[in-house]
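One structure is given here, and the rest of the page talks about it.
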Amino acid sequence: MTTKTVAELLSQDVTLQDVTVKGWVRTFRANRFIALNDGSTINNIQCVVDFENFDEALLKRITTGAAVHITGELVESQGKGQSVEIQVKALEVLGDSDAETYPIQPKKHTFEFLRENAHLRTRTNTFSAVMRLRSSLSFAIHKYFNENGFYYMHTPIITGSDAEGAGEMFRVSTLDPKNPPLTEDGDVNYKEDFFGKETNLTVSGQLEAETFAMSLGKVYTFGPTFRAENSNTSRHLAEFWMIEPEVAFMDLAGNMDLAEDFMKSVLSYVLENNKEDLEFLDKRLQDAEKSLPQAERSPMNLIDKIKFVVENNFKRVSYTEAIDILRNCKPNKKKKFKYIIEEWGADLQSEHERYLVEKHFKCPVILFDYPANIKAFYMRLNEDGKTVRAMDILFPGIGEMVGGSQREERLDVLKEKMKALDIPEEELWWYLDLRKYGTAVHSGFGLGFERLVMFATGMGNIRDVIPYPRTPQNAEF
């Protein structure tokens with residue numbers, strides 16, 4: 001007899017058949033009713049034990065967290081909450097779980113407690129739903145690019161360049177930290193290191209992806225990236241995943257079209273394929289917000305927020321126009337913003353981005369043509385000499401979701417920008433070569449995967465949407 005998943009059994013119309021299922025006990029009540037879950041669905045299947053026909057010693061081993069193998073008859077359920085249940089004929093405990101010490105008892109746990117038990121937290125409904133959604137989003141991303149003629153590229157994790165110029169990078173070295181070789185000037189001599197030069201964990205695969213786009217046309221990366229930013233906020237991780245498409249012969253307008261279509265496609269996929277998980281997380285969020293003051297509650301519930309992105313056209317607004325709107329809006333004039341907008345050139349904060357999306361335009365927004373001095377060196381300079389062809393996509397509840405640009409394809413301009421920022425040409429000689437040999441307009445964008453998972457699940461802390469978060473002072477598991 002083939003073992004079925006709980007999801008398969010709950011979707012079956014045919015009853016009065018013998019079935020076999022394996023999973024973990026969520027609860028065992030009245031010495032009779034086992035709530036069994038195997039991770040295939042947020043729902044448990046009820047297994048009804050006629051305790052008079054089973055050994056008492058065996059029944060005592062059916063505790064929360066125990067792994068069991070059950071064979072029985074699938075019948076129409078007599079109780080509320082499920083359409084079918086299993087009348088147990090045979091039961092085997094595959095793995096015991098000590099009821100005294102098992103951390104994930106059937107009660108409400110704080111997210112902080114569950115982070116400390118991250119190896120077991122997917123045994124809860126919330127985290128099993130989050131991780132199933134994470135998996136679906138990941139699949140939807142690969143599916144979208146595959147269906148649209150992109151090639152998947154694995155960019156290096158160890159690199160000698162800093163794509164963002166932020167300098168917050170993890171060093172990769174085999175030198176003795178207590179007694180490294182030194183140069184005549186007393187500096188660490190990285191020529192004696194494993195790679196013969198100073199190397200780091202990557203902060204972005206974009207620059208390498210550009211090289212492939214300029215030969216394969218359309219490529220994307222989806223891999224781990226690292227930032228050594230000593231930031232302990234709910235939005236920062238030291239290790240996270242990035243999606244970065246790069247496309248040859250595409251300008252900023254095409255980049256915006258691609259990013260909008262991509263976001264709508266990926267979120268539509270989970271609306272269609274993860275209904276039960278989304279409904280559970282939606283209810284969880286609404287219940288959690290009941291204790292908050294009205295002003296702090298989300299204006300939209302989770303599913304409506306996702307539909308808001310999928311069903312609305314994204315409004316395209318220049319940075320200059322956005323600054324005028326923000327400068328003259330009530331929250332700014334009445335000093336309700338934490339960061340008051342006073343002049344052109346200000347870097348927008350999440351509160352400003354959310355105001356534009358949620359209050360002013362009431363739809364997702366794409367801001368473009370940002371001041372050059374607040375954006376990266378590789379973004380194409382506009383004819384005004386002040387702005388670059390950058391774009392950010394803003395979502396409700398979270399602010400910036402996607403950041404991208406048309407890349408600077410002119411060799412002389414790129415060299416000037418690198419010189420102004422003290423980026424040595426010899427460090428990026430290969431990147432400059434793209435502008436020497438068959439240069440062309442090209443564009444791309446980056447999406448932090450965990451930020452997307454936060455948006456799709458309604459989770460408020462980025463540490464709760466990645467299996468094992470890496471943050472300052474924390475590399476457990």
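Just so you know, these numbers use all the heavy atoms, side chains as well, and skip hydrogens, waters and symmetry mates.
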Listed partners of Thr5 passing side-chain contact (heavy atoms from CB on, under 4.5 Å), at least two apart: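 For Thr5, the residues satisfying side-chain contact (heavy atoms from CB on, under 4.5 Å) (neighbours in sequence not counted) are Ala7, Glu8, Asp38, Ser40.
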Side-chain donor-acceptor pair present, Asn274, Ser136, cut-off under 3.5 Å: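 Present: a donor and an acceptor within the cut-off.
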Pair Gln206, Tyr378: side-chain N/O donor-acceptor within cut-off below 3.5 Å: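 Side chains of Gln206 and Tyr378: pair found under 3.5 Å.
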Contact list for [range], test salt bridge (Lys or Arg N to Asp or Glu O under 4.0 Å), sequence neighbours left out:
range	answer
residues 448-463	Arg134-Glu450
residues 347-366	Arg354-Glu358
residues 369-394	Lys375-Asp392, Arg380-Glu383, Arg380-Glu409, Glu383-Arg389
residues 465-477	none

Only counting residues at least two apart or in another chain, list the ones meeting salt bridge (Lys or Arg N to Asp or Glu O under 4.0 Å) with [X].
X	result
Asp257	Arg316
Lys264	Glu260
Asp282	none

With sequence neighbours left out, write down each residue that passes ring pair (Phe, Tyr, Trp, His ring centres under 6.0 Å) with [X], or none if nothing qualifies.
X	value
Phe150	Phe145
Phe477	His119, Tyr468
Phe170	none

Lys143 bridged to Glu147 by N-O distance under 4.0 Å: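 Answer for the salt bridge query: yes.
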Using a 3.5 Å cut-off and no angle test, enumerate the donor-acceptor pairs between side-chain atoms of residues 329-343 and protein atoms at least two apart in sequence or in another chain.
{"unit_1": "Asn332", "atom_1": "OD1", "unit_2": "Ile341", "atom_2": "N", "d": "2.8"}
{"unit_1": "Asn332", "atom_1": "ND2", "unit_2": "Arg327", "atom_2": "O", "d": "3.2"}
{"unit_1": "Asn332", "atom_1": "ND2", "unit_2": "Ile341", "atom_2": "O", "d": "2.9"}

